[in-house]
There are 2 protein chains.
Amino acid sequence: MTDATIEPPRVAVQAAIFSVRAGADHDELMIPLVRRTREPFLDQWALPGGWLGAEEGLEAAAGRTLAETTGLAPSWLEQLYTFDNTDRSPATRVVSVVYWALLRSDLVEAQRAAAGSPENVEWFPVESLPDLAFDHRPIVDYAVWRLRNKAGYSRIAAALLPDEFTLAELRGVYETVLGKRLDPSNFRRLLEGSEALVPTEVFRTGPHRPARVFRYNADVDLADLGPL
Amino acid sequence: MTDATIEPPRVAVQAAIFSVRAGADHDELMIPLVRRTREPFLDQWALPGGWLGAEEGLEAAAGRTLAETTGLAPSWLEQLYTFDNTDRSPATRVVSVVYWALLRSDLVEAQRAAAGSPENVEWFPVESLPDLAFDHRPIVDYAVWRLRNKAGYSRIAAALLPDEFTLAELRGVYETVLGKRLDPSNFRRLLEGSEALVPTEVFRTGPHRPARVFRYNADVDLADLGPL
DNA sequence: GCAAAAGTGTTTATGTTACACCCATGA
DNA sequence: TCATGGGTGTAACATAAACACTTTTGC
């Protein structure tokens, strides 16, 4: 236990970060990747991450990775799974604690417009990812599965939107995340029935009847309650 | 271990192991704990576990811990969560990858009868646990929550029973895990409707009408399908 | 026969899905 | 006035829960 001939496992933290971007006919679920600047997998795309600092908590390390990659704080952050890459370079044992996070789309857009993308960081639609380094592809797939799954029984998808939104905008996010169309009237009923939504007196206009703007009830935990 | 100012985090693996034991009027959910033989928390009860070996996978380490504690292989083994104990002894950073497991009750009983309990290992009902070392109490609570939750939408509770069982026995396990009574007729319908159960021609007698013995369909993944 | 659990059937409540329809706006 | 999405109502269907009732054994 004191001085080993083989290196003890090191702890890394990675993050699968999601946001939505408006697309041609439907929105897309996006994820930022980092181009590797060293071997192994030099120049390949990978999940952002790094080594766990000596005096840093796991979730703090995930938050730091997020800030370094996107310059933003997540509206949702949750541990995904811990992987061990026994098949990495043989001498280096790495245990990867992976988190997944949601970012508000408006903040992502604002940040891109203001600061430009950090070097070596690029957002990809999850439907068309490049080849990924290490075992990061199945990790992304698992994170997407978890997001979809959790969107089905909680209200976390709201973390992808600004504070105020119309029901159509919220429905669009759900449709993007779940990958299927939802009936507008049923969607409305489900959410109006819950305590989670608070109607405002603001309306958003367009080439149609004005849509009421809602905000979220801060008292309700996004992880709680609610089918769809 | 001595010359570094701050040690890099070390990786430990722990396991919350469940089995059921027949009680007076209802069965109990049991978990094995280990009495600590060193500081900190000397003589307190703790989850079984140990350091991750240099050439060992995470799940393998969890399986090893299980074998050392109970002498048995699990019928279910799944990663629970990864904790970091920043509040442990200040110099020692530990990242704990915790697994949870299910053991068949008949094998546990047989093992206890044959080999006796290993020294320093004792089974406790989850309803009346002693004080636990470290942050192990909330970890156990979370594992119980996860077991209950997963029992609600999968068939994993079957992993607590032998290959062959009556519907009443299976229902008893569900009632123990979920902590509530279930309607026998609805329970029967639900499971007979699924593909998971295969009826045998064997019947179990008692002071009542003989009950048909069932076995599990090996083709069906216990993690798939099924409410209740 | 009686108790006790196995096993069958039916009724009720609840929630999901589909879809018809009216409303209010910009162009 | 027309197209478009906002918003309301309702019927059809599937599922879960509650419970009455019959069957078969040991004693």
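All chains are named by letter (A, B, ...) in the order of the sequence lines, taking the proteins before the strands, and each is independently numbered beginning at 1. Bear in mind the structure is a predicted one, so any value in this text is a computation, not a measurement.
Mapped onto DNA chain C by nearest heavy atom, His208(A) and Ala168(B) fall at different nucleotides, with Ala168(B) at the one closer to the 5' end.
Between Arg181(B) atom CZ and dA17(D) atom C1' there is a gap of 17 Å when expressed in whole angstrom units. Remark: P of dT8(D) and CZ of Phe187(A) are 15 Å apart, rounded to the nearest angstrom. What separates CG of Leu191(B) from C1' of dA16(D) is a distance of 14 Å, to the nearest Å. Note: CG (Leu182(A)) to C1' (dT16(C)) measures 13 Å, nearest angstrom.
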Protein-nucleotides 7-9 of chain C N/O pairs closer than 3.5 Å?
unit_1: dG7(C); atom_1: OP1; unit_2: Arg212(B); atom_2: N; d: 3.2
unit_1: dG7(C); atom_1: OP2; unit_2: Arg188(B); atom_2: NH2; d: 2.7
unit_1: dG7(C); atom_1: O5'; unit_2: Arg188(B); atom_2: NH2; d: 3.1
unit_1: dG9(C); atom_1: N7; unit_2: Arg189(B); atom_2: NH1; d: 3.4
unit_1: dG9(C); atom_1: O6; unit_2: Ser185(B); atom_2: OG; d: 3.3
unit_1: dG9(C); atom_1: O6; unit_2: Arg189(B); atom_2: NH2; d: 3.3

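Within the 4.0 angstrom heavy-atom criterion, only backbone atoms of the sugar-phosphate kind lie near Arg171(A); the bases stay farther away.
Using a 4.5 Å cut-off on side-chain heavy atoms (C-beta onward), Tyr81(A) and Ser96(A) make no contact.
In this structure, Leu107(A) CG and Leu160(A) CG are separated by 11.0 Å, a value rounded to the nearest 0.5 Å. Rounded to the nearest 0.5 angstrom, Arg148(A) CZ and Lys180(A) NZ are separated by 10.5 Å.
Of the charged side-chain nitrogens involved, at least one lies within less than 4.0 Å of a carboxylate oxygen, so that Arg215(B) and Glu164(B) count as a salt-bridged pair.
Between Leu132(A) and Val140(A) the shortest heavy-atom distance is CD1-CG2, 3.9 Å.
Ring orientation note: the planes of Tyr142(B) and Phe83(B) are nearly perpendicular, at an angle over 60° on the 30°/60° scale.
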